[in-house]
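Because the structure is predicted, anything quoted here is derived from the model rather than measured. Hydrogens, waters and symmetry mates play no part in the numbers below; they use all other heavy atoms, side chains included.
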Amino acid sequence: QVQLVESGGGSVQAGGSLRLSCAVSRSTYTRYILGWFRQAPGKEREGVASIDSQGSTRYADFVKGRFTISNDKAKNALYLQMNNLKPDDTGMYYCAAGPSVGPSLNRYTYAHWGQGTQVTVSP
């Protein structure tokens, strides 16, 4: 019932920018949240940013002031604008969705996941 496909990843130098996109095919829930997560090799998947149906957002401390999450409902797309990228931002980025309320950076809140898009930031 819900399918997500990420795109927009790539390789950039530190200080550069990328915009990730996630095509969302899902039922129109009255209550839902969307989020971006990332995972580096050997590490747990961690929450990056989240947005709920009311437009409320939540960001991980390590991206505050640099990343912006947005949801274009008309285009069924979720975005993550990433500015001032750092080498530590390197990882596989996933978009996720769940029929809930309130943005969450907890991966267990989400029931549906995309396949991921790779982001590599060189020093």
Side-chain angles (χ1 to χ4, degrees):
Q1 293 182 329
V2 179
Q3 188 170 19
L4 307 100
V5 181
E6 304 93 335
S7 63
S11 299
V12 298
Q13 293 186 332
S17 299
L18 284 174
R19 189 192 191 204
L20 305 184
S21 298
C22 175
V24 183
S25 298
R26 62 174 178 83
S27 299
T28 305
Y29 299 120
T30 56
R31 306 179 188 88
Y32 72 90
I33 57 172
L34 298 169
W36 286 99
F37 290 75
R38 70 186 188 189
Q39 186 170 22
K43 296 184 178 180
E44 292 287 335
R45 190 169 300 187
E46 61 183 356
V48 175
S50 179
I51 187 168
D52 70 7
S53 60
Q54 302 299 316
S56 296
T57 59
R58 180 175 295 177
Y59 295 92
D61 288 341
F62 53 81
V63 303
K64 286 182 178 177
R66 300 190 297 123
F67 292 9
T68 302
I69 187 171
S70 61
N71 180 22
D72 189 334
K73 297 180 180 180
K75 296 183 178 180
N76 296 318
L78 177 71
Y79 302 100
L80 183 67
Q81 179 65 47
M82 306 186 293
N83 298 324
N84 191 24
L85 284 161
K86 304 175 180 179
D88 286 347
D89 294 321
T90 294
M92 186 72 73
Y93 283 69
Y94 302 87
C95 60
S100 187
V101 294
S104 174
L105 300 180
N106 186 339
R107 69 182 187 274
Y108 298 111
T109 303
Y110 299 83
H112 309 282
W113 297 85
Q115 65 182 12
T117 185
Q118 180 68 36
V119 171
T120 302
V121 184
S122 61

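When every heavy atom of Arg107 is checked against every heavy atom of Arg45, the shortest pair comes out as NH1-O, 3.5 Å. The nearest pair of heavy atoms linking Leu80 to Val48 is CD2-CG1, 4.2 Å. In this structure, Gly35 and Leu78 approach most closely via the heavy-atom pair O-CD2, 3.9 Å. Taking every heavy atom of both residues into account, Asn83 and Ser17 meet most closely at OD1-OG, 3.0 Å. Heavy-atom minimum distance, Tyr79 versus Ala77: OH-CB, 3.4 Å. When all heavy atoms of Thr68 and Tyr59 are compared, the closest pair comes out as CA-OH, 3.4 Å.
Taking 4.5 Å as the limit, some side-chain heavy atom of Thr90 sits within range of a side-chain heavy atom of Gln118. Leu105 is listed as a side-chain neighbour of Ser50, based on a closest heavy-atom distance under 4.5 Å. Inter-residue side-chain proximity for Met92 and Tyr94 is flagged as met; some heavy-atom pair is nearer than 4.5 Å. The shortest distance between side-chain heavy atoms of His112 and Gln3 does not fall below 4.5 Å. With contacts defined as side-chain heavy-atom distances shorter than 4.5 Å, the pair Tyr32/Val2 does not qualify.
For the atom pair Met82 CE and Tyr93 OH, the distance stands at 5.5 Å (nearest 0.5 Å). Note that the OG atom of Ser25 and the CG atom of Leu4 stand 8.0 Å from one another [nearest 0.5 Å].
Under a hydrophobic clustering in which Ile, Leu, Val, Met, Phe, Trp and Tyr are joined whenever their side-chain heavy atoms come within less than 4.5 Å, directly or via other members, Val5 and Leu18 fall into different clusters.
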Using the side chain to side chain contact (heavy atoms under 4.5 Å, CB included) rule, take Arg38 and Val119 through it: C-alpha gap first, then chi angles, then the decisive distance, then the call. CA-CA 9 Å; Arg38 70 186 188 189; Val119 171; over 6 Å; no
Does the pair Leu20 and Trp36 meet the rule for a side chain to side chain contact (heavy atoms under 4.5 Å, CB included), with working shown? CA-CA 9 Å; Leu20 305 184; Trp36 286 99; 3.7 Å; yes
How far apart are the C-alpha atoms of Thr117 and Ser7, what are their side-chain angles, what is the distance that settles it, and do they pass the side chain to side chain contact (heavy atoms under 4.5 Å, CB included) test? CA-CA 6 Å; Thr117 185; Ser7 63; 5.6 Å; no
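Within the 3.5 Å criterion, the main-chain N or O of Arg19 finds no donor-acceptor partner in the side chain of Gln81. No donor-acceptor pair under 3.5 Å is formed between the side chain of Gln115 and the backbone N or O of Glu6.
Between Lys86 and Asp89 no salt bridge is recorded (no basic side-chain N to carboxylate O distance below 4.0 Å).
A side-chain contact (heavy atoms from CB on, under 4.5 Å) with Pro103 holds for exactly one of Leu34, Ile51, Asp52; it is Asp52.
Using cut-offs of 30° and 60° for the angle between ring planes, the Tyr110 and Phe37 rings count as perpendicular.
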